[in-house]
Q: 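Please read through the structure below; I'll follow up with questions.
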Amino acid sequence: MQYDKPMLAEGSLSGKVVVVTGGGTGLGKSMSRYFAELGAHLVLCSRKQEVLDQAAEEIASETGAEVLAQACDIRKYDEVEALKEATLERFGSVDVLVNNAAGNFVSPTERLSHSAFDAIIDIVLKGSKNCTLCFGKDWIGKGQKDKVVLNIITTYAWTGSPFVVPSAMAKAGVLAMTRSLAVEWAKYGIRQNAIAPGPFPTEGAWNRLMPGNIPDRLNVVNQIPLRRAGDHQELSNLAAYLISDFSAYINGEVVTIDGGEWLQDAGQLAFLEQLSSSDWDDMAQMIKGLKGKS
Ligand code: HXC
Ligand code: NAP
């Protein structure tokens, strides 16, 4: 299986300027590294300048890409404006925005304070809106076309989920924004798509949200039909395709990459997975017996 290998041809993102929020850690960093390998120039932002500087240096030295690392709290519109200005000053234009930054608490909702709720909604929903509006207005105002916004959401954006309610509400909003603007801004040459990842091991999502041995105790991987977590390269392959010219006719789509996790218990008869092979043999015999009686 080649899923952990780079998928696109060298130079597939050549010359594109890609802004990745939360690009200094986790999935944001992995996607950014691959975009750079494919020839993109990068703008990485998040709140911690030292984390960004380290990621930028690493990626630039590995790939030779030009990387701008700028601290920006996406909850604050003036900081997003400043990010855009710095990007334009360095690169002249922007081609792609990846709304990847997020915050989350795994907690019973009644244990969350109202400001904890706001912390998540402000990062995920307001932050993604701030970036989309800021870069989108600039593209539209200048009449620039062939631009892409890629939003990293979750599968519980449409199913909802207990214990991550602020995140689920905010990601649902980002999904609504994706689909709404896919229609409204297509006339300006701006595409909008989303990726809904399942479990991909990262420091932020795994170690900080569910510390200690809780993921092992709960056997997270057992909830996934393919019985494995995602590999960062396979997500990066998908993201690179969705921001590349090869996906030019894909607009308003959300692509799930989760090994089938969200559908695991969705089918009415999914609980039959608990039956053994001999249970199935017994059941077949019983059914045959019933047929003979009627
Ligand atoms: C409950 C908490 C809390 C916690 C803080 N608060 N941590 N409440 N559980 N673990 C409360 C605080 O007491 C405070 O409320 C309010 O939240 C704001 O706290 P701050 O520390 O000021 O928040 P802030 O600086 O805005 O940072 C919040 C954060 C940070 C961004 C979420 O904690 C963080 O960086 N988390 C780890 C990164 C992360 O979440 N990555 C997830 C991406 S994965 P009061 O009332 O005291 O003022 C993802 C999908 C995962 O999204 C899907 C699989 C699980
Ligand atoms: P992560 O490493 O914690 O990434 C979150 C990033 O967002 C960090 O770099 C963080 O940096 C940044 N950020 C948080 N608040 C910010 C703010 N106000 N302004 C700017 N940046 C901010 O987690 P991850 O696992 O890679 O998650 C990446 C994306 O994938 C998220 O959208 C997440 O919801 C999604 N996702 C992940 C998984 C998974 O299993 N990993 C599953 C489903 C969806 P600072 O703290 O320095 O600001």
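Whatever order the structure lists them in is the order used to number ligands and atoms, beginning at 1.
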Q: Show which atoms of ligand 1 fall inside a sub-4.0 Å distance from at least one heavy-atom site of S113.
A: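 With S113 as reference, the close atoms of ligand 1 come out as 15 (O), 45 (P), 46 (O).
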Q: Nearest protein heavy-atom contact for atom 39 (C) of ligand 2: which residue, which atom, what distance?
A: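 For this ligand atom, the closest protein heavy atom is F200 O, 3.5 Å.
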Q: Could you tell me whether R111 atom CZ has more than 12 heavy atoms of other residues or ligands within 6.0 Å of it?
A: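 Not more than 12 within 6.0 Å, no.
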Q: C134 and Y77: which non-hydrogen atoms are nearest, and at how many Å?
A: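 Closest pair (atom of C134, atom of Y77, distance): CA-OH, 3.2 Å.
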Q: Starting from atom 55 (C) of ligand 1, what is the nearest protein heavy atom, named by residue and atom, and what distance separates them?
A: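 The protein heavy atom lying closest is L209 CD1, 4.1 Å.
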Q: Check ligand 2 against D73 and write out every atom of the ligand that is under 4.0 Å from a heavy-atom position of the residue.
A: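 By the 4.0 Å cutoff, the relevant atoms are 17 (C), 18 (N), 19 (N).
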Q: Give the atom numbers and elements of ligand 2 that come within less than 4.0 Å of a heavy atom of T154.
A: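 Counting atoms of ligand 2 from 1, those under 4.0 Å from T154 are 43 (C), 44 (C).
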Q: If you define the side chain from C-beta out and look only at heavy atoms, does anything of Y34 sit under 4.5 Å from L13?
A: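 No, their side chains stay 4.5 Å or more apart.
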Q: Looking only at protein heavy atoms, which one is nearest to atom 8 (N) of ligand 1, and what is the separation?
A: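 Closest protein heavy atom to atom 8 (N) of ligand 1: A116 CB, 3.9 Å.
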Q: Among all the protein's non-hydrogen atoms, which is closest to atom 44 (S) of ligand 1, and how far away is it?
A: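 Going atom by atom, the protein heavy atom closest to atom 44 (S) of ligand 1 ends up being A205 CB, 3.6 Å.
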Q: How far is atom 24 (P) of ligand 1 from its nearest protein heavy atom, and which residue and atom is that?
A: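 For atom 24 (P) of ligand 1, the nearest protein heavy atom is R47 NH1, 4.0 Å.
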Q: Does the R227 side chain pair with the main chain of N222, one donor and one acceptor, at a distance under 3.5 Å?
A: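 Side chain of R227 to backbone of N222: a pair is present.
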Q: Keeping the roles fixed (side chain from N237, backbone from K5), state whether a donor-acceptor pair exists under 3.5 Å.
A: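 Yes, the answer is positive, given that a donor and an acceptor are paired below the 3.5 Å cut-off.
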Q: With a heavy-atom distance limit of 4.0 Å, tell me whether S107 approaches ligand 1 through its side chain, its backbone, both, or neither.
A: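 Within the 4.0 Å criterion, S107 makes no contact with ligand 1.
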Q: Around atom CG of D282, are there more than 12 heavy atoms from other residues, nucleotides or ligands closer than 6.0 Å?
A: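 Count over threshold, so yes.
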Q: So, for atom 46 (O) of ligand 1, does the protein have a heavy atom nearer than 4.0 Å?
A: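 There is a protein heavy atom less than 4.0 Å from atom 46 (O) of ligand 1.
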Q: Please determine which of T178, N100, T132 meets the side-chain hydrogen bond (donor to acceptor under 3.5 Å, both in side chains) test together with N151.
A: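 Running side-chain hydrogen bond (donor to acceptor under 3.5 Å, both in side chains) over T178, N100, T132 with N151 returns exactly one hit, T178.
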Q: Who's the nearest protein heavy-atom neighbour of atom 43 (C) of ligand 1, and how far?
A: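 The closest one turns out to be A102 CB, 4.2 Å.
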Q: Just by distance, no angles: are the side chains of S276 and D279 close enough, under 3.5 Å, to form a donor-acceptor pair?
A: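 Yes - a donor-acceptor pair under 3.5 Å links their side chains.
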Q: Which part of T202 is near ligand 2, with near meaning a heavy atom under 4.0 Å away: side chain, backbone, both or neither?
A: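 Within the 4.0 Å criterion, T202 contacts ligand 2 through side-chain atoms alone.
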Q: Show which atoms of ligand 1 fall inside a sub-4.0 Å distance from at least one heavy-atom site of I120.
A: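 Near I120, meaning under 4.0 Å from one of its heavy atoms, ligand 1 has 32 (C).
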Q: Go through the steps to decide whether I257 and I195 satisfy the test side-chain contact (heavy atoms from CB on, under 4.5 Å), and finish with yes or no.
A: CA-CA 7 Å; I257 177 164; I195 294 178; 3.7 Å; yes
Q: With atoms numbered from 1 as shown, which atoms in ligand 2 lie under 4.0 angstrom from a non-hydrogen atom of G22?
A: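 Reading through ligand 2 atom by atom, the close ones are 6 (C), 7 (O), 9 (O), 12 (C).
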Q: Could you tell me whether S115 and ligand 1 have an N or O pair separated by under 3.5 Å?
A: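 Yes, since at least one N or O of S115 sits under 3.5 Å from an N or O of ligand 1.
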Q: Could you find the nearest protein heavy atom to atom 52 (O) of ligand 1 and give me its residue, atom name and distance?
A: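 That would be N104 ND2, 3.2 Å.
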Q: What do we get for L112 next to ligand 1 when only non-hydrogen atoms under 4.0 Å count, side chain, backbone, both or neither?
A: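 The answer is the side chain of L112.
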Q: Determine whether any heavy atom of G198 lies closer than 4.0 Å to an atom of ligand 2.
A: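 It does; at least one heavy atom falls under 4.0 Å.
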Q: Check the surroundings of atom NZ in K137: do more than 12 heavy atoms from other residues, nucleotides or ligands lie under 6.0 Å from it?
A: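 Atom NZ in K137 is not crowded, with 12 or fewer foreign heavy atoms closer than 6.0 Å.
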Q: Check ligand 2 against P199 and write out every atom of the ligand that is under 4.0 Å from a heavy-atom position of the residue.
A: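 The list of qualifying atoms is 40 (O).
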Q: Can you sort out which atoms of ligand 2 are near K171, meaning under 4.0 Å from one of its heavy atoms?
A: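 It comes down to these atoms of ligand 2: 31 (C), 32 (O), 33 (C), 34 (O).
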Q: Do protein heavy atoms approach atom 31 (C) of ligand 1 to less than 4.0 Å?
A: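 Within 4.0 Å: yes, protein heavy atom nearby.
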Q: Treating E234 as the side-chain partner and Y3 as the backbone partner, does any N or O pair qualify as donor plus acceptor under 3.5 Å?
A: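 No, E234 side chain to Y3 backbone: no donor-acceptor pair under 3.5 Å.
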Q: For V51, is the nearest heavy atom under 4.0 Å from an atom of ligand 2?
A: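 No.
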Q: Looking at atom 16 (C) of ligand 2, what's its closest protein heavy atom, distance included?
A: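 Looking at atom 16 (C) of ligand 2, the protein heavy atom closest to it is R47 NE, 3.5 Å.
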Q: Out of S128, A102, C72, who gets a non-hydrogen atom closest to atom 5 (C) of ligand 2?
A: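 Shortest heavy-atom distance from atom 5 (C) of ligand 2: A102.
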Q: Any atoms of ligand 2 less than 4.0 Å from a non-hydrogen atom of G26? List them with their elements.
A: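 That gives atoms 2 (O), 26 (O) of ligand 2.
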Q: Report the member of N151, T21, T25 with the shortest heavy-atom distance to atom 4 (O) of ligand 2.
A: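 The nearest heavy atom belongs to T25.
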Q: Against ligand 2, does P197 come closer than 4.0 Å with any heavy atom?
A: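 It does, in that a heavy atom of P197 comes within the 4.0 Å cut-off of ligand 2.
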Q: Please write down residue, atom name and distance for the protein heavy atom closest to atom 10 (C) of ligand 2.
A: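 Nearest protein contact, heavy atoms only, for atom 10 (C) of ligand 2 is S46 CB, 4.3 Å.
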Q: I'd like to know if K16 and D245 make a salt bridge, using a cut-off of under 4.0 Å between side-chain N and carboxylate O.
A: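 Yes, this pair counts.
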Q: For atom 20 (P) of ligand 1, is there a protein heavy atom at a distance under 4.0 Å?
A: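 Looking at atom 20 (P) of ligand 1, one finds that no protein heavy atom lies closer than 4.0 Å.
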Q: Yes or no, since that's all I need: does a protein heavy atom fall within a distance strictly under 4.0 Å of atom 13 (O) of ligand 1?
A: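 Flag for atom 13 (O) of ligand 1 set to false, no protein heavy atom closer than 4.0 Å.
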Q: Find all atoms of ligand 2 within a distance of less than 4.0 Å from any non-hydrogen atom belonging to I153, and give their numbers and elements.
A: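 Close to I153: 44 (C).
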Q: Taking only heavy atoms of I123, which atoms of ligand 1 are found under 4.0 Å from at least one of them?
A: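 Counting from 1, the qualifying ligand atoms are 31 (C).
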Q: Any idea which protein heavy atom is nearest atom 18 (C) of ligand 1, and the distance to it?
A: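 Nearest protein contact, heavy atoms only, for atom 18 (C) of ligand 1 is A119 CB, 4.0 Å.
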Q: Establish, yes or no, whether a centroid distance under 6.0 Å links the rings of W158 and W262.
A: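 For W158 and W262, the ring centres are under 6.0 Å apart.
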Q: Less than 3.5 Å between some nitrogen or oxygen of I74 and one of ligand 2, yes or no?
A: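 Min N/O separation from ligand 2 is below 3.5 Å for I74.
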Q: Starting from atom 3 (O) of ligand 2, what is the nearest protein heavy atom, named by residue and atom, and what distance separates them?
A: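 Looking only at protein heavy atoms, the one closest to atom 3 (O) of ligand 2 is G204 CA, 3.3 Å.
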Q: Counting each atom of ligand 2 from 1 as listed, which ones have a heavy atom of L27 under 4.0 Å away?
A: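 Every atom of ligand 2 under 4.0 Å from some heavy atom of L27: 26 (O), 30 (O), 37 (C), 41 (N).
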Q: So which of R111, H114, E203, R75 gets nearest to atom 26 (O) of ligand 1, if we judge by its closest heavy atom?
A: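 Shortest heavy-atom distance from atom 26 (O) of ligand 1: R75.
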Q: Among all protein heavy atoms in this structure, tell me which lies nearest to atom 34 (C) of ligand 1, with the distance rounded to 0.1 Å.
A: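 Nearest protein contact, heavy atoms only, for atom 34 (C) of ligand 1 is R208 NH2, 3.3 Å.
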Q: Before signing off on this row, confirm whether T154 and ligand 1 have an N or O atom pair separated by under 3.5 Å.
A: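 So ligand 1 has no N or O lying under 3.5 Å from an N or O of T154.
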Q: Which of the listed options, F105, F117, W206, holds the heavy atom that is closest to atom 5 (C) of ligand 1?
A: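 Heavy atom nearest to atom 5 (C) of ligand 1 belongs to F105.
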Q: Between K171 and ligand 1, does any nitrogen or oxygen pair lie at a separation below 3.5 Å?
A: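 Between K171 and ligand 1 (N or O atoms, distance only) the closest approach is not under 3.5 Å.
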Q: Might you point out which heavy atoms bring A229 and V221 nearest each other, and give the distance in Å?
A: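 Of all heavy-atom pairs spanning A229 and V221, the closest is N-CG2, 4.2 Å.
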Q: Would you kindly specify which portion of A101 sits under 4.0 Å from ligand 2, judged on non-hydrogen atoms: side chain, backbone, both or neither?
A: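 The answer is both, backbone and side chain.
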Q: Pick whichever of N100, L209, V174, I152 has a heavy atom sitting closest to atom 31 (C) of ligand 2.
A: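 The option holding the nearest heavy atom is N100.
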Q: Any non-hydrogen side-chain atom of I152 less than 4.5 Å from a side-chain atom of V98?
A: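 Result yes, sub-4.5 Å side-chain heavy-atom pair found.
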